[in-house]
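Just below is one structure, and these are the notes that go with it.
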Amino acid sequence: MSDDLLFESKNYFYLGNYQSTINEINKKSRQIIEKSLKAESDYFLYRCYIAQGNYDLVLQETRNNRGEDPTIAGLQLLASYLSKPEENRESTLVTITQWISDGVVKFNYHLQVIIATIYFNEQLYDEALQILNNCDHIEGLSMLIQIFLKIDRLDLAQKAYETMKKIIDPDATPALLSLAWINIYNGEEKLKSALSSFEEMTERYGSTPLLLNGQAVCALGMKRFEKAESLLLESIEKNPKNSDTIANIINCYINMKKPNEIIQRYINQLKTLSPKHDWTSAVNEAEALFEVSKSRFN
C-alpha cells in the first residue's frame, strides 16, 4: 500500500513532470506518515525542486540536517553544486570522494544516483559507472542505460535493460523510456517504435520536455524537420531553459537552413545555460580550431 501511495508521484518524476510530482506529494502529505515513506517522498520532492532550479529552497528547508541523513546531505550537495557548478566543482568532488571512502554511499541507492548525476554532469562517466555498478534499483538502472548509450556501449545498455525488466513490468514508464532510448540509438526502423512509445506516453500522461524531446529526436532522425521544430517549440514554451531542447533545436534549424542569426542566438543561449553540454563542447572546440587556423594566416 505504501508503494502505491507514491506511485503517481514517482511516475510523474520519471516523465520529467516535476511540478505534478510536487503537487501529488503535497496532496498526499497527511497520508505519508511512515518514516521510510516520508524519507522517500522527501527525496523525490527535493529532486524535483532541484530540477526546477529552486536550489536555495532545498538548501533552506534542509539546513537543519548536519549530515545525520546521508540522502538529505546528498541533496544539499547536489543543490549547492548545480547552483554554481564551476565554483563548487572541486569541493563537491572532494566531498564525494570522502563519502565513498567512509562507506556512506555503498548501501544508499538514492545517494548513488545523486553522486552519479554529478559525475555525469562533469562527464566523468567511468566514475558514474563505478558508483552504479551492480545496482538493482530502477532509477540507477535508468541512469546506467543512459550512460552506456552516451559512451557507445549499446550491448551494456541492452544488458541493463534486461536486468530492469526483471525488476519492473516492461510496460512501466522507466522501462518504456529506457527501451525508447535504446531504439533511438539503433536508429532507422527502430526510430518509428521509439516515436510511437513517446507519443503513447504523451497521450496517456500529457506532454513534458522529456517526452517532447524524445519525439523530436525521432523526428530529426527521420528527417521530419518541421515536426521536430513544432515539438521543440512546444518544449521551449514549457521550459525555456531546458538545455537538451536548445541543443536539439540548434540541430533542427541547421538542417532546416534557418538564418544564421537565429541559430547563433540559440548557441549563445546554450553556452550560458549548459557550458558542459556536448553541443557546447563541440562548438567551443570548433571555434578554437578556427582561431588556430586563422592565426596561421595572420
Side-chain angles (χ1 to χ4, degrees), residues 2-22 24-25 32 36-52 58 69-79 81-82 96 99-100 104-122 124-125 127-151 156-182 201 205 208-211 213-214 244:
S2 60
D3 289 339
D4 292 343
L5 200 57
L6 290 179
F7 175 80
E8 286 186 55
S9 304
K10 291 181 181 181
N11 202 55
Y12 281 131
F13 177 81
Y14 297 137
L15 292 163
N17 192 339
Y18 303 117
Q19 190 56 51
S20 289
T21 304
I22 293 168
E24 279 295 315
I25 290 173
I32 302 173
S36 61
L37 190 63
K38 180 68 167 66
E40 186 86 348
S41 69
D42 283 349
Y43 168 76
F44 283 101
L45 183 73
Y46 289 131
R47 281 292 305 277
C48 287
Y49 281 125
I50 290 171
Q52 291 179 333
V58 174
D69 185 331
T71 299
I72 295 297
L75 291 164
Q76 291 172 324
L77 186 70
L78 181 61
Y81 163 74
L82 289 175
I96 289 173
W99 285 352
I100 294 171
V104 176
V105 183
K106 191 172 183 180
F107 300 107
N108 187 321
Y109 65 87
H110 286 327
L111 195 53
Q112 291 169 7
V113 170
I114 290 169
I115 291 173
T117 299
I118 293 171
Y119 279 147
F120 187 89
N121 197 68
E122 287 293 327
L124 298 171
Y125 303 126
E127 287 82 351
L129 290 173
Q130 288 173 18
I131 287 292
L132 297 173
N133 186 39
N134 297 322
C135 73
D136 59 356
H137 49 89
I138 297 168
E139 198 180 354
L141 285 167
S142 295
M143 196 163 192
L144 265 181
I145 290 168
Q146 293 177 61
I147 296 170
F148 285 140
L149 293 176
K150 175 71 77 172
I151 63 174
L156 295 178
Q158 290 173 324
K159 184 177 179 181
Y161 173 68
E162 291 302 319
T163 301
M164 178 184 281
K165 287 197 300 180
K166 295 175 184 176
I167 299 172
I168 59 172
D169 190 312
D171 290 329
T173 296
L176 290 173
L177 288 170
S178 295
L179 181 58
W181 293 327
I182 289 170
M201 283 187 278
Y205 303 114
T208 68
L210 185 150
L211 294 177
N213 271 284
D244 287 334

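Hydrogens, waters and symmetry mates are skipped; everything else that's a heavy atom, side chains included, is used.
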Q: Working to the nearest 0.5 Å, report the span between CE of M143 and CZ of F120.
A: 6.0 Å
**Q.** Results of side-chain contact (heavy atoms from CB on, under 4.5 Å) for E40 - residues two or more places apart only
**A.** L6, K10, F44, Y109, H110
Q: Using the salt bridge (charged side-chain N to carboxylate O under 4.0 Å, His left out) rule, collect all pairs that involve residues 137-146, keeping only residues at least two apart or in two chains.
A: R47-E139
Q) Which value, rounded to the nearest 0.5 Å, describes the distance between T71 atom OG1 and Q112 atom CD? A) 10.0 Å
Q: Please list, chain by chain and in numerical order, all residues satisfying side chain to side chain donor-acceptor pair (under 3.5 Å) with T117, sequence neighbours excluded.
A: none
**Q.** Counterpart residues, side-chain contact (heavy atoms from CB on, under 4.5 Å), relative to L179 (two or more places apart)
**A.** Y161, N183
(Q) Is the shortest side-chain heavy-atom distance between Q52 and I22 below 4.5 Å? (A) yes
Q. Hey, are K159 and E162 close enough for a salt bridge, meaning a charged N less than 4.0 Å from a carboxylate O?
A. no
Q.
My understanding is that only residues two or more places apart in sequence, or in another chain, count here; which of them pass side chain to side chain donor-acceptor pair (under 3.5 Å) with Q130?
A. none
Q) When rounded to the nearest 0.5 angstrom, what is the spacing between NZ in K150 and CH2 in W181? A) 12.0 Å
Q: Would you give the length of the straight line joining atom OG of S20 to atom CG of L15, rounded to the nearest 0.5 angstrom?
A: 9.5 Å
Q) To the nearest 0.5 Å, what is the distance between CD1 (I118) and OH (Y81)? A) 7.0 Å
Q: Please name all residues satisfying side chain to side chain donor-acceptor pair (under 3.5 Å) with Y18, sequence neighbours left out, ordered by chain then number.
A: none
Q: List the atom of P70, the atom of V104, and the distance in Å for their closest heavy-atom pair.
A: CB-CG1, 3.7 Å
Q: State, yes or no, whether a side-chain contact exists between L111 and W99 at a heavy-atom distance under 4.5 Å.
A: yes
Q.
In the structure I gave you, are the side-chain heavy atoms of S142 and L177 within less than 4.5 Å of one another anywhere?
A. no
Q.
My understanding is that only residues two or more places apart in sequence, or in another chain, count here; which of them pass salt bridge (charged side-chain N to carboxylate O under 4.0 Å, His left out) with E127?
A. none
Q: Only counting residues at least two apart or in another chain, list the ones meeting ring-ring contact (aromatic ring centres under 6.0 Å, His included) with Y49.
A: none
Q. What are the two closest non-hydrogen atoms of M164 and S178, and how far apart are they?
A. CE-OG, 3.5 Å
Q: Name all residues meeting the side-chain contact (heavy atoms from CB on, under 4.5 Å) criterion together with I100; count only those two or more places apart in sequence or in a different chain, and write none if there are none.
A: I96, V105, Y119, I131
Q. Where do L176 and D171 come nearest, in terms of heavy atoms and distance?
A. CD1-O, 3.3 Å
Q: For the residue pair T208 and N17, confirm or rule out a side-chain donor-acceptor distance under 3.5 Å.
A: no
**Q.** Side-chain donor/acceptor of N11 to backbone N/O of F7, under 3.5 Å
**A.** no
Q | Sub-4.5 Å side-chain heavy-atom contact between D136 and T163 | A | no
Q.
Using every non-hydrogen atom in the two residues, find where L141 and A160 come nearest and quote the distance to one decimal.
A. CD2-O, 4.1 Å
**Q.** Partners passing side-chain contact (heavy atoms from CB on, under 4.5 Å) against I50 (at least two apart in sequence or in another chain)
**A.** Y55, V58, L75, L78, A79, L82
Q) Heavy atoms, side chains only, cut-off 4.5 Å: are Y43 and V113 in contact? A) yes
Q: Identify the two heavy atoms, one from T21 and one from F13, that lie closest to each other, and give their separation to 0.1 Å.
A: OG1-N, 3.0 Å
Q) Which atom pair, heavy atoms only, marks the closest approach of I182 to A157? A) CD1-O, 3.8 Å
Q) About how many Å separate CG of L144 and CG of L156, when rounded to the nearest 0.5 Å? A) 9.5 Å
Q | Test side chain to side chain donor-acceptor pair (under 3.5 Å) applied to Y12 - qualifying residues, sequence neighbours left out | A | none
Q) Does the side chain of I114 come within less than 4.5 Å of L77's, by heavy atoms? A) no
Q: Please list, chain by chain and in numerical order, all residues satisfying salt bridge (charged side-chain N to carboxylate O under 4.0 Å, His left out) with D42, sequence neighbours excluded.
A: K38
